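The shown structure was predicted, so the numbers you read here are calculated from the model rather than taken from an experiment.
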Amino acid sequence: MTDLVTLAEPGGPLAAIGGAAYARHAHPAAYWSTVGLPLSVARLLASYSSTMDACGLTVEPSRWRALAVRATTRREIRPVPPRRGVIRPNSTGLRVRLRLAPGQEPADVAASAERLRHAWGVHAVYVRDVKPGVVELRLVGYDVLHKVRMPRRVDGGLLRVPVALREDATAFVRDYSAVPHELVLGATLSGKSMYLRHLVTGLAAQPVALVGIDCKRGVELAPFAPRLSALATDPDEAAELLPVLVKEMEDRYDLIKARQGIAPGTPDEEITSDVWGLPDSERPVPIVLFVDEVAELFLVATRKDEERRDEMVTQLIRLAQLGRAAGIYLEVCGQRFGAELGKGATMLRAQLTGRVCHRVNDEASAKMALGDIAPEAVDAACSIAPELPGLAVVGDTSGGWSRIRTPYLSLADAAATCRESAHLVPDVPALMPFRPYVPPVPAEASGTATVPRPVTE
């Protein structure tokens, strides 16, 4: 028995190392919580000062501090690193705040993020400016985009939908009040439809009118018909629907203008320039327009089609330019979007503040989506692998960009959510002629046969 224990003892550490390596590859979240987090915290505490010095993030101590060190000790006076706050661990990494020394700026710390990552043994380090003189380091322990798990607590609200996870383990929230219009590009099987499903299901539970234009005969948006206020499934129907939306926008501007008949003594809070300043009883419901496969609206075959195309593009541009104040928002999706689509494509893109670029088939599409706001993001979008559906690069006109990935959501679950929220479809009279037909749900088969009641005279 003793001989067996002796033989088994050398295999114990090897088995533990092998189990840790397997857990790190197959279950990175569990590995981080049990092994990675303690190791990274130990490295950070033990090497904080030396790492900051190696990264050039230390400064000479103040004169009073140098005099105090000389008077109390005989130690060598060393440069001082940024003052470190409390380490706050979480399920994906840890956070720590740094108080910068005089003369330092957040860009200095951000430039050393890659060095800090290697020094402390984490997957990535992100720097966020909290307030003047204070930055927050967000250390991510593993690749959170490999298997997406959305945070449990996400700040939502009206026209705010959490749709994806950022690479820094925070939720990407589609906020229509901050970014009213968005362009979403992605090739086949890139995850663009998954992104659209999350948007629709997130807005389905809110008091919002959802309008769809799906020129693929409605195969993408038709499953959400119970929650849609209007749906056009071909260019001819889209040509009829868009003028109605433009007229609705003009009527809302007339409502705002009537409210602006400012009389002497009118309180400041009653003066408004958009629908959100109107009283609740007068405010029309927001409208979100989803345009899937926008290139189908640009394609023409005859002279008549060209005239129709020009009218539809002009109406889309008007909605993008003026729709926000009227509570109308655009979500334009497509596989390809470029200037070669025709007149008005570049002008329409300029009005779409938000940009989401999934894997695309050519660099020109990535440049069309991100080149005018964040040129360095184009390379990131072109390097998305086909085996990572849902991965995208998101940016806006501020110049910032990041990688996100949408979690999986089946079409059946998304359609079920829309059916359950069908009673929330708002009353918009102008859109009633375009309300999609929803067939009745057949009764579920039960164990006992139901005999129909006979018809009586």
If you compare all heavy atoms of [X] against all heavy atoms of [Y], which two are closest, and at what distance to 0.1 Å?
X: Arg336; Y: Leu185; result: C-CD2, 4.5 Å
X: Ala225; Y: Pro436; result: O-CG, 3.7 Å
X: Ala415; Y: Pro223; result: CB-O, 3.6 Å
X: Pro407; Y: His198; result: O-NE2, 2.9 Å
X: Pro389; Y: Pro386; result: CD-O, 4.0 Å
X: Gly85; Y: Val96; result: O-CG2, 3.8 Å

Ser193 and Glu220: side chain to side chain contact (heavy atoms under 4.5 Å, CB included), yes or no, with the steps?
CA-CA 7 Å; Ser193 298; Glu220 290 289 347; 3.2 Å; yes

Once rounded to the nearest 0.5 Å, what's the spacing between atom [atom1] of [X] and atom [atom2] of [Y]?
X: Thr417; Y: Arg197; atom1: OG1; atom2: CZ; answer: 11.5 Å
X: Leu45; Y: Trp120; atom1: CG; atom2: CH2; answer: 10.0 Å
X: Ile213; Y: Glu293; atom1: CD1; atom2: CD; answer: 13.0 Å
X: Glu240; Y: Phe434; atom1: CD; atom2: CZ; answer: 5.5 Å
X: Arg138; Y: Thr92; atom1: CZ; atom2: OG1; answer: 7.0 Å
X: Ser410; Y: Met194; atom1: OG; atom2: CE; answer: 8.0 Å

Keeping [X] on the side-chain end and [Y] on the backbone end, is there a donor-acceptor pair under 3.5 Å?
X: Glu237; Y: Thr233; result: yes
X: Gln206; Y: Leu159; result: yes
X: Ser33; Y: Ala30; result: no
X: Arg174; Y: Val179; result: yes
X: Arg99; Y: Val134; result: no
X: Asp108; Y: Glu105; result: yes
X: Arg405; Y: Leu145; result: yes
X: Arg217; Y: Asp214; result: no
X: Arg349; Y: Met368; result: yes
X: Arg359; Y: Ile384; result: no

Under a 4.5 Å cut-off applied to non-hydrogen side-chain atoms, are [X] and [Y] in contact?
X: Asn361; Y: Ser365; result: no
X: Leu228; Y: Val211; result: no
X: Leu221; Y: Leu196; result: yes
X: Pro207; Y: Leu158; result: yes
X: Arg95; Y: Leu139; result: no
X: Arg128; Y: Asp168; result: no
X: Glu376; Y: Trp401; result: yes
X: Pro286; Y: Trp276; result: yes

Sequence-distant partners of Arg283, salt bridge (charged side-chain N to carboxylate O under 4.0 Å, His left out), two or more places apart:
Asp280

Could you please spell out the steps behind the salt bridge (charged side-chain N to carboxylate O under 4.0 Å, His left out) verdict for Lys192 and Asp292?
CA-CA 10 Å; Lys192 174 171 56 68; Asp292 193 38; 3.7 Å; yes

Applying side chain to side chain contact (heavy atoms under 4.5 Å, CB included) to Lys343 and Thr314, what does each step give before you reach the verdict?
CA-CA 10 Å; Lys343 182 175 61 177; Thr314 301; over 6 Å; no

Enclosure of [X] [atom1] (heavy-atom neighbours >12, cutoff 6.0 Å):
X: Arg435; atom1: CZ; value: yes
X: Leu189; atom1: CG; value: no
X: Lys216; atom1: NZ; value: yes

Cys215 and Leu297: CA distance, side-chain angles, deciding distance, side chain to side chain contact (heavy atoms under 4.5 Å, CB included) verdict:
CA-CA 8 Å; Cys215 292; Leu297 300 180; 3.6 Å; yes

Intermediate values then yes/no, side chain to side chain contact (heavy atoms under 4.5 Å, CB included), Val173 and Val161:
CA-CA 5 Å; Val173 179; Val161 183; 5.8 Å; no

Would Arg308 and Asp236 count as a salt bridge (charged side-chain N to carboxylate O under 4.0 Å, His left out) here? Give the steps.
CA-CA 9 Å; Arg308 183 191 61 186; Asp236 292 333; 2.4 Å; yes

Decide whether Glu182 and Tyr329 meet the rule of one side-chain donor and one side-chain acceptor closer than 3.5 Å.
no

Between Ser402 and Arg166: side-chain donor-acceptor atoms closer than 3.5 Å
yes

Can you give each donor-acceptor pair under 3.5 Å made by side-chain atoms of residues 315-324, sequence neighbours left out, with the distance rounded to 0.1 Å?
{"unit_1": "Arg318", "atom_1": "NH1", "unit_2": "Glu250", "atom_2": "OE2", "d": "3.4"}
{"unit_1": "Arg318", "atom_1": "NH2", "unit_2": "Glu250", "atom_2": "OE2", "d": "3.2"}

